[in-house]
Amino acid sequence: MSKPTVPMYDNYIGGRWMRAASGNTSENRNPANSDEVIGNFPDSSADDALAAIAAARSAYDSWRLVPAPKRAEILFKVAQIITERKEQFARDMTREMGKVLDETRGDVQEAIDMTYFLAAEGRRMYGQTTPSELPDKWAMSMRQSMGVCSIITPWNFPMAIPSWKIIPALVCGNTVVFKPSELTPLSALNFVRVLEEAGVPPGVVNMVTGGPIIGELFTTHRDISVVSFTGSTAVGRLVNQNAAPHFKKVHLEMGGKNCIMIMEDANLDLALEGCLWGGFGTSGQRCTAASRVIVHERVHDKFVEQFVARAKALRVGDGLDAGSQVGPSISEKQLAKVMSYVEIGQNENARVACGGHRLTDGNYARGHFHEPTIFADVTPEMRIAKEEIFGPVVSVLKCTSLDDAIEIGNNVDYGLSASLYTQDINRAFRAMREMYTGIFYVNAPTIGAEVHLPFGGTKATGNGHREAGTAALDVFSEWKSIYVDFSGKLQRAQIDNNPVALTP
Ligand code: UN1
């Protein structure tokens, strides 16, 4: 039987699909079966990145003047087309990223939801009108576009996260250069093809696949005004440093070490479901993953016993198989990181309550599979309780009270998401106030944010910006305050309307 030919994919620059100038390509392989090559993608160099920036720069002049409701009409069409192709896009995504089909359908759905939500801002994007302190004077504010935005995205949400950034950038009137993760270029390309088909004009969105050289130019070039990055804290720091000399606006969305806190009065079955989904969903490869579970001592042992039994029963496998609940790690490198943390945990004297090994038998042999792993007897100072692992590894810690749980929960470098299981409304509201995170859940796990509220975190998770919701507009636009004086004379604010007080 002859081998199927491997498709060749292109960059998208100035409205044209083209090879990398050097002709170099790199392979995209299925993490569930590394024998399967999904496609060859451009391994681009500086020339390609510069061409993309130039195309975006020149398209900006006209795109910014297209009325926002008209820009939005194109974006509504984007959402419609993705909806029609949801199943195909989800399958492509499972093949290149590994997460199970239900989850890739969710990823595509998140792109649809975000696109509809933010396209609708084309008819809102409200500013303020406010009385002036002076007579016959008008005062208002409006958002203005900023220029070329660099969009640098990770592999764990290969279509959703690009949509979170590209759609608000476009609705605000900016143009885009887009560097998707080298590990998931097909989902990025599917998204960009839809943008093209829906009528986004040439040069308004440009996609270049490749490695760090692209990222470097996209964060340093003088024609870039905004950088929006999701990825590791280490790379985020570099992005920030690269962008600083030109005072680019930088939006960073980085790591997490999220916790689920379980009180002694919690519905334990519900909490268990939440921990399984939050900890092992997406094989733990979410910024929002519940990689710490902090359990009240009164229910701790019972919880651990049941959590372990349920984790052992999870079916690990190829995400395209209907029975699979947990897919592979994205790459051999990521799997090696997971395995190294399992070793670190053991050396720190945490107890492997289940899992702890790579899976290698039979169908697992060609993929990057790892057993769902639970560490018990974890204490807050251990590295497995503090560092982001981004794999199917959950650390269980014991607490003596809600205050103790909050203390442990907050005592990490990150601040993305946290959750509390309790039946006590007073405790729920206390934790809601006390957890210093960007997202908080009551009686639900740490994952599963919806598109219409701000998404992001505190401390080393971010740099104060938020994506999603209308907060996304703040990343991709700048305020302009406007005063119109129709009095026909010079009026001096703060002075003419505050005459010197007469002394008695
Ligand atoms: C991420 O892990 O980077 O809240 C994004 C969630 C998803 C998005 C996760 N809606 O888990």
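Given the structure is predicted, the values throughout are model-derived calculations rather than measurements. In listed order, ligands and their atoms are each counted from 1.
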J.: Not counting sequence neighbours, list each pair that qualifies as a ring pair (Phe, Tyr, Trp, His ring centres under 6.0 Å) and has a residue in residues 441-473.
T.: W164-F455

J.: Which one of K86, R91, K99, R286 satisfies the salt bridge (Lys or Arg N to Asp or Glu O under 4.0 Å) criterion with D107?
T.: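 It is K99, the one option of K86, R91, K99, R286 that forms the salt bridge (Lys or Arg N to Asp or Glu O under 4.0 Å) with D107.
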
J.: Could you name the protein residues that come within less than 4.0 Å of ligand 1, counting only heavy atoms, and order them by chain and residue number?
T.: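 The 4.0 Å shell around ligand 1 contains E110, N156, F157, I161, W164, R286, C287, T288, I447, G448, A449, F455.
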
J.: Is there a side chain to side chain donor-acceptor pair (under 3.5 Å) between H368 and S329? Walk through the geometry before answering.
T.: CA-CA 5 Å; H368 320 300; S329 290; over 6 Å; no

J.: Partners of L183 by side chain to side chain contact (heavy atoms under 4.5 Å, CB included), sequence neighbours excluded?
T.: W155, S181, I330

J.: Is it true that N463 and N240 share a donor-acceptor pair across their side chains at a distance under 3.5 Å?
T.: no

J.: Taking only residues at least two apart or on different chains, which pairs with a member in residues 251-269 satisfy salt bridge (charged side-chain N to carboxylate O under 4.0 Å, His left out)?
T.: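 Matches after skipping sequence neighbours: E264-R427, D265-R427.
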
